[in-house]
Structure formats: structure tokens, C-alpha cells
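Chain letters run A, B, ... following the sequence lines, proteins first and then strands; every chain starts at 1.
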Protein chains: 2
Amino acid sequence: MANIQEVARKAGVSVATVSRVLNNNSNVTEKTRLKVKQVINELSYEPSRLGRNLRNSESRLLLVLIPNISNPFYSEIINGIEETAVKQDYNILLCETNSDSERESIYINLIKNRMADGIILMDPTVNKKKLHELSETYSIVQCSEYDKEGNIPFVSINNELAAYHAVRYLIKIGNKKIALINSDEKFLYARERKRGYEKALHEFGITGYSDLIYHTDAVSFEDGQLAMRCLLDKKEKPTAVFAVSDILAIGALKEINASGLKVPSDISIVGFDKIAFSNMTYPTLTTISQPMYKMGCASANMLINKIKGKQVENITFDHELVIREST
Amino acid sequence: MANIQEVARKAGVSVATVSRVLNNNSNVTEKTRLKVKQVINELSYEPSRLGRNLRNSESRLLLVLIPNISNPFYSEIINGIEETAVKQDYNILLCETNSDSERESIYINLIKNRMADGIILMDPTVNKKKLHELSETYSIVQCSEYDKEGNIPFVSINNELAAYHAVRYLIKIGNKKIALINSDEKFLYARERKRGYEKALHEFGITGYSDLIYHTDAVSFEDGQLAMRCLLDKKEKPTAVFAVSDILAIGALKEINASGLKVPSDISIVGFDKIAFSNMTYPTLTTISQPMYKMGCASANMLINKIKGKQVENITFDHELVIREST
DNA sequence: GTGAAAGCGCTAACAT
DNA sequence: ATGTTAGCGCTTTCAC
């Protein structure tokens, strides 16, 4: 494995000149450049990023912290992040936290150790105070989840409004007993969507729904099923369900089908995210679409700008109610 | 941002001693160790991995090359890889190739540039000759996809046998006109599963099925739908379908439902992978389960061992036919 | 236009 | 048990 010294020696130039050729620095005569390039080829020389990184005090790595890679919502975002990062010669260090704070600290150490130049955070469980301290020293952006108080830049949607739209629609098509399948309220989106849900109900004078709110432990199909089973056991069954994630909605849908009830005639259901699966269920799922891919691109760009020391602005993307067969 | 020098100076010791404390080297008196640790705390010193990596000529990064992160099959594998890697103080550099060879070369350069210590390859599109050359110099293992000729270690299942089991089962429950929805035959698994399919049909004296084999462009729900639409247009409709991926099977299922036919009474369907979603469809999908998570763990361990210079053995995991409602 | 040399932060061989 | 020092591979400043 040749290094820059050998190339320099063999080409009869100094390492500085080789470095100049490597970095397309203009101050090299065409003749020298050619000679150096030839030797590079002969030796199959590949510059070491370890050396370059140390010298430049950068890793060109972006730390991506997600709760759970198995949720297609996150995979789509990652798609966008990666595409954008690679274009700008960054790579992503993918880290799944499972919302485990110990795991999180391991990963967050990567930035303290200079192994990452910045963090795209999609998990809310980080200790808030620590996070804000951290963001004073390091480049951090949040995606989807964010903190209203701090000044960590973020990319997200208006979760409250989106939930409000979903529930208002359920009311308008004739539902009064509308259940909410929510995830853990440690997530900002969970709190916001609940607020949107409550706002819609309140606006239409619907009360006494507290019994119809269910909080899941995690976001899995099974949690959705469990939630729905529980809701179906109530003496006052809901006529509609709003789930804060397609994953939960799909689990709920399954459970309704299994119980012999029909969607949407007996129970309507609305999900959230518009993951690809949501169009493959029976019946297909009405849902709120979020521009996951674009959110990924935007957060990567935002982070890279932040790393470069530029000022960045929060971005709130539009959502859309996609009406399909489940309502 | 303090460095090792400052810590040494402030603690009144040499950098070597600080390094010893950092690396839990035993040759340090308790008193010195305590003093150094105290200064480390005072300065909030965090050792730079950039320096350490250069010095040790390692990146402690594992390059994970996958065709497509949106396929839950791969996310599950990644789960296993990450879990295993982190335990051994490695991190993963996730790279999605989209089976694009240009993209692939960008990523593969990462190992040449010492930015990765090894590669877990799940994509078959790499130029074979180049790959074998590469594997002579660098640590590479393959997961799921592999090369029968070369000697790149791999983790996989017996794809031919698994497909054979699936199709034999379809025959035994009374099907003769069995369609195959296959993906691109650039994938080894696609060729192997086709072989298993053919073997089963041949064994039971079933012929004239070539019209019932469909190759998709990619592995998406839409491709599955497209394939099924095409198969349903044949004058001799199949009574059963074997799809080489749950994703394709789910798309096909959707299309059958949409056409008014019933699964399994009109058409039976078997998928492959046992992704979580395969249990959420209507009806639930009979499928071949692969131990994705374990495959991920095994390939990470294998790669790390290879990096350490150990001898490694190929691993072929067991599959299982999981009979559910679609057959 | 090119070269010499310093130095990024760390580890480890060697010396004491 | 601890210190001195070389050097991992690169970029960049300063001379010429």
C-alpha cells in the first residue's frame, strides 16, 4: 500500500506537489501533474483519508441517530440523507438507538471523539440539557423530532395541524367516537398529534373521549394490534381510529379485520406517514403523507451548512391528507 | 478542545502515561492514574479517534453495502450487524447502492482510502473480477448474496432448497399451475430459487410452466403488482404463485384481491423472507423465513474475525416454511 | 511552480 | 513505573 512519500520519490517531486495534484491545486505545471498522475497509477496509490482527516481535523462523517431502522418512515429519511451527503463527499454513520439512552451516549461520543462532524438526530430521548450543551460545541440538527425551546435547527412538519386535519376529516364524514392510538408521549410528535386530535374534537363539541386514547409502548404492528384489541373491548366501541403511525394503523386494521368487523363500514381508520405498505393493506389506508425523502435531504443539507459555519433556518414541510379506502 | 498534550502537562506526566491510562494499560500506579483521570475530567478531554486511527492504521468502521434500505429484509440484517459491531467497538458506514455500479465504486473506494476496515456486501452487481481482486487485499464478506466460485466468505441460506420446499408444498396441496415471480437474475438468490422451483415441478412431472415465470425489474410492491397483473392476463391462469420476496408477494396479493379473485381459494401464494409485514396482510402470507437478524450478527462477526486475520468459515443458516392463510 | 518542514493527536518501542 | 521520541499520511505555510 503505497503512500504519498513513495509517489513523490518515484515521481521525482516533493510530497507537497503530490498533494497539490491530489487536490487539483492549480499551481502545478501540466507536465508535473501528468508525471505524478502516471506514478499514482503505476503504484495504484490511493490517498489515505485517515491522514487527511487528521490533518484537516474532520471525519467527513455524519452521524445519523434513529430510534429504529425497521420503521420505513426512517428508512425513507435515510435515503434522502445519504443521497445528499454522498453528493457532498460525506458519508453517514448509521446508528440505531432503540431509544436506549445508554446506546445513545455511546453514539454521541462519536462526535466528541471527532469521528463524526455532525449529528442528525431523530430521537427525542436524549437528555435535553445535555443536548443543548452539546449543540453549543457541535453541529447538530434535528429531523422530525425537535425541541420547541432550544435553538437546535430542525426539519419537520406541523404535526398538530396534520393530526387536526385527519381528525376533522373523520368527524366530517360522520364520526363522533374517534379513538386515538398514540405512541409514547416522550415523542414531541405524539404530544403534538394528540393536541391536534383534541383540538378537532373540541372544535366540533365532542367530549368524553379520554377513554378512547391509547398509548403504545413502541411503534410496531403488534402494538397497533394490542391497542385495537383494547379499544374493541370498550363498552362504547369507537367508530373511527386515528393512529399516529401507519405501522400502528396497520396493526389496528389487522385486529379489526380479525374481529370480524369491517373497515370502513364499521370502523374507519386513518394512519400517518404514508409509508409504501400503507397502500398494500386491505383496505388501503387513508393517511397523512410526510415528505420523508425530502426531509432527509433537507436535514443533511442543513447539517452540512451548519458544519461549514453557515447560518441555517428551520424548515417545516407541508403534509397532505391522502384519502384511500379505509375511511 | 483539549488534546493529550494538555492533559499530560496539567497532570505533570508524559503523553505516554496519559495514553496508558486511556488504554487501561496496567503499568501505571494507582496514584498517577487517578491524577490523570482527574485532569481528564477537569478538561473534559475526549481522545481523538482521528489521531488514534491514523496511528493504528484502522478506521474501526465497517462498510455495509446494501441494494436498498427500504426493503425490511435488509433492515433486519442491518440490525444484527450493528448490534454486533458496536459490541466490539466498531461502527457501521451504511451505504445504499441501488444496484448502481457507479455508486458502488464510490463506496468501495472507502476501503481503499482506509476509511473502512472491511466490507459486508449484500449486493451482487459488483464486477466479479474486481471483487475477487479486492478481496485479496481487503477484508470482505458477503451476506445473503455470494459467489459460488470465488473464496469470499459468506453467510447465507440454501436458497434452492428453500424454494424447492415452498413449491413442493404448493404442489402437495394440489397445485399444478404454479407461477414464479422472480427478481432480476443478476441476484444469485434469484437464480437459485428458480432452480428450486424447477426442481420441484420436475420432480412431480409438471411441465410447460415457462410461460408462468415472470422477472421483475426491481423488488417493490409495484413490481409485484405488475407481475401479477401480467400473470392474470394469461389464458391459463396460475392456481398458485411463488414469489421470491415477500415484497413481491404482497404486491401480487394486492393485485389478486383487486381483480376480485380470492386467496387462497382461487390462487394460493407463498412469499419469501418473513418480513414483519407479511403477517399483516389479508390474508396473512405463507412464506419462507430467513434468520435475518442472525445473519447480520454472523456476517459482522465473520468480518471482524477476518479483519483480525483469523480464518473464517462460511455459514449456511436454516430456513423454515411458515404456513399461514395465503395457502 | 516547487520544495522543506511543521504539525494534526495519538500509540508504542525503547530507554531509564 | 514513567518519559522520550519517532512516526502513522496527509495538508499547508513559508521560502525560494
d([atom1], [X]; [atom2], [N]) in whole Å:
X	N	atom1	atom2	value
B/Glu46	C/dC10	CD	C1'	15 Å
B/Arg33	D/dT2	CZ	C1'	13 Å
B/Met1	C/dC8	CE	C1'	12 Å
A/Leu54	C/dT11	CG	P	12 Å
B/Asn27	C/dA13	CG	C1'	14 Å
A/Asn25	D/dC10	CG	P	16 Å
B/Lys35	D/dT2	NZ	C1'	16 Å
B/Asn24	D/dA1	CG	P	15 Å

Once you apply a heavy-atom cut-off of 4.0 Å, does B/Leu50 come out as touching a base, just sugar-phosphate, or nothing? nothing

Start at the 5' end of DNA chain D and walk down; is the nucleotide closest to B/Glu30 or to B/Arg114 reached first? B/Glu30

Nearest heavy atom decides the nucleotide; on that basis, is A/Gln5 or B/Val13 closer to the 5' end of DNA chain D? B/Val13

List in chain and number order the residues that pass ring pair (Phe, Tyr, Trp, His ring centres under 6.0 Å) with B/Phe154, two or more places apart in sequence or in another chain; answer none if no residue qualifies. B/Tyr146

With a 4.0 Å limit, can you tell me whether A/Ser14 has a side-chain N or O closer than that to the phosphate oxygens OP1/OP2 of C/dG3? yes

Closer than 4.0 Å, any side-chain N/O of A/Thr32 to the OP1 or OP2 of C/dG1? no

Partners of A/Lys128 by salt bridge (charged side-chain N to carboxylate O under 4.0 Å, His left out), sequence neighbours excluded? A/Asp147, A/Glu149

Donor-acceptor contact below 3.5 Å, side chain [X] vs main chain [Y]:
X	Y	result
A/Arg60	A/Gln88	yes
A/Ser105	A/Ser101	yes
B/Thr32	B/Val28	no

Per-nt protein contacts along nucleotides 11-16 of chain D (heavy atom under 4.0 Å; B base, S backbone sugar-phosphate only, - none) come out as BBB---

Under 4.0 Å, heavy atom to any atom of DNA chain C: which of residues 86-93 of chain B qualify? none

Nearest of D/dC8, C/dG9, D/dT2 to any side-chain atom of B/Ser57? D/dC8

For a quick check under 3.5 Å, do B/Asp273 and B/Gln290 share a side-chain donor-acceptor pair by atom type? yes

Enumerate the salt bridge (charged side-chain N to carboxylate O under 4.0 Å, His left out) contacts for residues 69-87 of chain A, please, sequence neighbours excluded, ordered by first and then second residue. A/Glu82-B/Arg103, A/Glu83-B/Arg103

Enumerate donor-acceptor pairs with a distance under 3.5 Å from any side-chain N or O in residues 1-8 of chain B to protein atoms, sequence neighbours excluded.
{"unit_1": "B/Asn3", "atom_1": "OD1", "unit_2": "B/Gln5", "atom_2": "N", "d": "3.1"}
{"unit_1": "B/Asn3", "atom_1": "OD1", "unit_2": "B/Glu6", "atom_2": "N", "d": "3.1"}

So that I can tick it off, tell me whether B/Asp117 and B/Lys306 are bridged by a salt bridge, with the cut-off set at under 4.0 angstrom between side-chain N and carboxylate O. no

